[in-house]
Amino acid sequence: MGAEGTTPEPETSAESGIGLPDRGLARRHALRRMAARLIDGEITRADLVADDWWETEVGTAAEQSFVALIPPCDCCIEYTVGLDQQTWAAQLRIAAPP
């Protein structure tokens, strides 16, 4: 909280003066962009396990379904999905939030 009884001022960009979303909301937007890039074939499985996406706090069932399929590290992909990585990739594409 800011001054007594007030909400804190949102963080703003020094260059543009535009208010910035909080970290959680920004992370959810980045998760959705990553899902779109996955569908478009622009990212690899290593990109999915980068930046601890599996720990992202979600706000929708679609986001939860997608995040639940992301293992914590690249070596866990083999353990988690075994040799059926095509099915796993298809499940990620289906679960990707719009």
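Note that this is a predicted model, so its numbers are computed, not measured.
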Side-chain donor-acceptor distances from residues 31-41 under 3.5 Å, at least two apart:
residue, atom, partner, partner atom, Å
Arg32, NE, Glu63, OE2, 2.9
Arg32, NH1, Pro98, O, 2.3
Arg32, NH2, Glu63, OE2, 3.3

Notebook entry, point to check: Can you tell me how far OG1 of Thr56 sits from CD of Gln64, rounded to the nearest 0.5 angstrom?
Noted result: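 The CD atom of Gln64 sits 10.5 Å away from the OG1 atom of Thr56.
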Check: What distance do Arg28 atom CZ and Thr60 atom OG1 have between them, rounded to the nearest 0.5 Å?
Finding: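 Separation between the atoms: 6.0 Å.
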Next item on the list: Identify the heavy atoms of Phe66 and Leu48 that sit nearest to each other, and give their distance.
Entry: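 Shortest heavy-atom contact: CZ-CD2, 4.2 Å.
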Margin query: Going by side-chain hydrogen bond (donor to acceptor under 3.5 Å, both in side chains), name the residues that satisfy it together with Thr87, two or more places apart in sequence or in a different chain.
Written below: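 Thr87 satisfies side-chain hydrogen bond (donor to acceptor under 3.5 Å, both in side chains) with Asp84 only.
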Check: Would you say the side-chain atoms of Trp88 pair up with the backbone N or O of Ile70, donor to acceptor, closer than 3.5 Å?
Finding: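 Not confirmed, Trp88 side chain does not pair with Ile70 backbone.
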